[in-house]
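A quick write-up on the structure given underneath.
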Amino acid sequence: MPGVTRAKLAAAAGRGEGTGDAARDEAARAALEAWFARVARDLPWRRTRDPYAILLSEVMLQQTRVETVVPYFERFLARFPDVRALADAPVDDVLSLWSGLGYYRRARGLHLAAREIVARYGGRVPAEASDLRSLPGVGAYTAGAVSSIAFGRREPLVDGNVARVLSRLDGLEEDPKSAAGARRLWETAARLVPDREPGKWNEALMELGATICAPRDPRCGDCPLRAVCRAHRDGREAELPVVRAKKASPRVRVVAAVVLHEGEVLFARRAEGGLFGGLWEPPMVEAPGLSAARAALAVAGLPIEGVRLRSAGRVRHVLSHRDLDVLVVHGVARDRPVVPSVLAGAYERAAWRAPDAEGFGTSTLARKVLALALGGG
DNA sequence: AAAGCGGGGAC
DNA sequence: GTCCCAGCTTT
């Protein structure tokens, strides 16, 4: 790293505490930028300058690991290569490409955002963070990311990685999830983001958090910021950032009914807004057993009263806030029940489909249920 | 401030 | 098993 000697970094680290040391900040910028230029991963969204592709990547990356997103990003972009293609698509097609990625509200939000970008911005992704922030599914992080990375605007961002890196770098004691802690982090990020290539800087901060400044056992020996890091200086890497304990997910008993007729399965579409909103699945309800489930499905309007159902086994599906214990039952309908156009409860409508049909969204849970019920024949 | 919202990878 | 990920929205 030209111009950045260990001695300079060490001198900068000892000068002042917390804020207000421009020389230390500059040393950190130089060190991190040099490091990033050397080790930056080759990721598909780093090969483009298309703001739409970058917006897509940032939405997919919300609470989702880089390695998980890569194949989804490639498929989605191939199917919807620009804002207009996405805006013109049926929502079920969009959810189909999102299937398995999780947090499906993101897909619906992005779809609505594309339509808004066409309607209000002539099909061009806006560059201003405040304009981006007003799009559905775009919060402070995503707005800062798109504005800085795609448009070179000097906008800060704070994600989980940056929160950890900056908490350690400046020795910030507040809980990043608290209002005060978040405010402090955004102030710190805003202080550090440079005029020149702010997007690179933001990416470098995240890259450091993802590859070096890990939640547990950070590799401080390989860290370009170790000479200016307060937490490292004080031996407190393991204590920062402070994390508050999260509560366990309640266990919930669910019954899923896989009803077949001539090779097709009865699917129902979940109402948008809630869990798995907009996705299609074999009807399932929260119930302690089959008889209670039958009653609940009858109330919902699903026509399976006359179908003999037997157990195919259980599926466990863990979400961030629920731990689902799913009893999978299956059976063959003698004659095809007519599905009503409107359903009650969690489902809005139903249809018979081949289990591997395309063009609509399904959750990983739905795929597990189908695999168990149909896997053996 | 807290809860709802998926799924998976690393340990 | 636990932790948490390039978070956003609603209550």
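Computation of the quantities below employed the complete heavy-atom set of this structure, encompassing side-chain atoms and omitting hydrogens, waters and symmetry-equivalent molecules. Letters A, B, ... are given to chains in the order of the sequence lines, protein chains preceding strands, and every chain is numbered from 1.
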Contacts under 3.5 Å, N or O only, protein and nucleotides 9-11 of chain C:
| residue | atom | partner | partner atom | Å |
| --- | --- | --- | --- | --- |
| C:dT9 | OP1 | A:Gly137 | N | 2.7 |

Original post:
Tell me, which of residues 152-169 of chain A have any heavy atom that sits under 4.0 Å from an atom in DNA chain C?
Top reply: A:Asp159, A:Gly160, A:Asn161, A:Arg164
Original post:
Members other than A:Leu112 in its cluster, when Ile, Leu, Val, Met, Phe, Trp, Tyr link by side-chain heavy atoms under 4.5 Å?
Top reply: none
Original post:
What integer number of Å spans the P atoms of B:dA3 and C:dA6?
Top reply: 24 Å
Original post:
Among residues 194-207 of chain A, which contact DNA chain B at a heavy-atom distance under 4.0 Å?
Top reply: none
Pair up each side-chain donor or acceptor in residues 250-259 of chain A with any protein partner under 3.5 Å, not counting sequence neighbours, and list the distances.
none

Could you list the donor-acceptor pairs under 3.5 angstrom formed between side-chain atoms of residues 127-139 of chain A and any protein atom two or more places apart in sequence or on another chain?
| residue | atom | partner | partner atom | Å |
| --- | --- | --- | --- | --- |
| A:Glu128 | OE2 | A:Arg153 | NH1 | 2.9 |
| A:Arg133 | NH1 | A:Val138 | O | 3.3 |
| A:Ser134 | OG | A:Asp131 | O | 2.7 |

**OP:** For DNA chain C, find the residues of residues 46-58 of chain A with a heavy-atom distance under 4.0 Å and give them by number; none if there aren't any.
**Re:** A:Arg46, A:Glu58
Original post:
Does a side-chain N or O from A:Thr364 land closer than 4.0 Å to OP1 or OP2 of B:dG7, or not?
Top reply: yes
Original post:
Considering only heavy atoms, which members of residues 237-257 of chain A lie under 4.0 Å from some atom of DNA chain B?
Top reply: A:Arg244, A:Lys247
Subject >> 5' precedence on DNA chain B between A:Ala180 and A:Arg216 (nearest-nucleotide basis) >> reply: A:Ala180
Subject >> Check: A:Ser320 side chain, B:dG7 base, donor-acceptor under 3.5 Å >> reply: no
**OP:** Would you check if the side chain of A:Asp92 reaches a backbone N or O of A:Trp280 as a donor-acceptor pair within less than 3.5 Å?
**Re:** no
Original post:
Got a sec, which residues hit salt bridge (charged side-chain N to carboxylate O under 4.0 Å, His left out) with A:Arg154, two or more places apart in sequence or on another chain?
Top reply: A:Asp195
Original post:
Does A:His321 place a side-chain N or O at less than 4.0 Å from the phosphate oxygens OP1/OP2 of B:dC5?
Top reply: yes
**OP:** Please list all pairs passing the ring-ring contact (aromatic ring centres under 6.0 Å, His included) test where one or both residues lie in residues 228-272 of chain A, with sequence neighbours left out.
**Re:** A:Phe267-A:Phe360
**OP:** Sort and list the pairs that fulfil ring-ring contact (aromatic ring centres under 6.0 Å, His included) and have at least one residue in residues 289-324 of chain A, not counting sequence neighbours.
**Re:** none
**OP:** Take atom C1' in B:dG6 and the same atom in C:dC3, then report the distance between them in whole Å.
**Re:** 16 Å
Original post:
Among B:dG8, B:dC5, C:dG7, which nucleotide sits nearest the side chain of A:Gln62?
Top reply: C:dG7
**OP:** Apply salt bridge (charged side-chain N to carboxylate O under 4.0 Å, His left out) to A:Glu74 and list each qualifying residue two or more places apart in sequence or on a separate chain.
**Re:** none
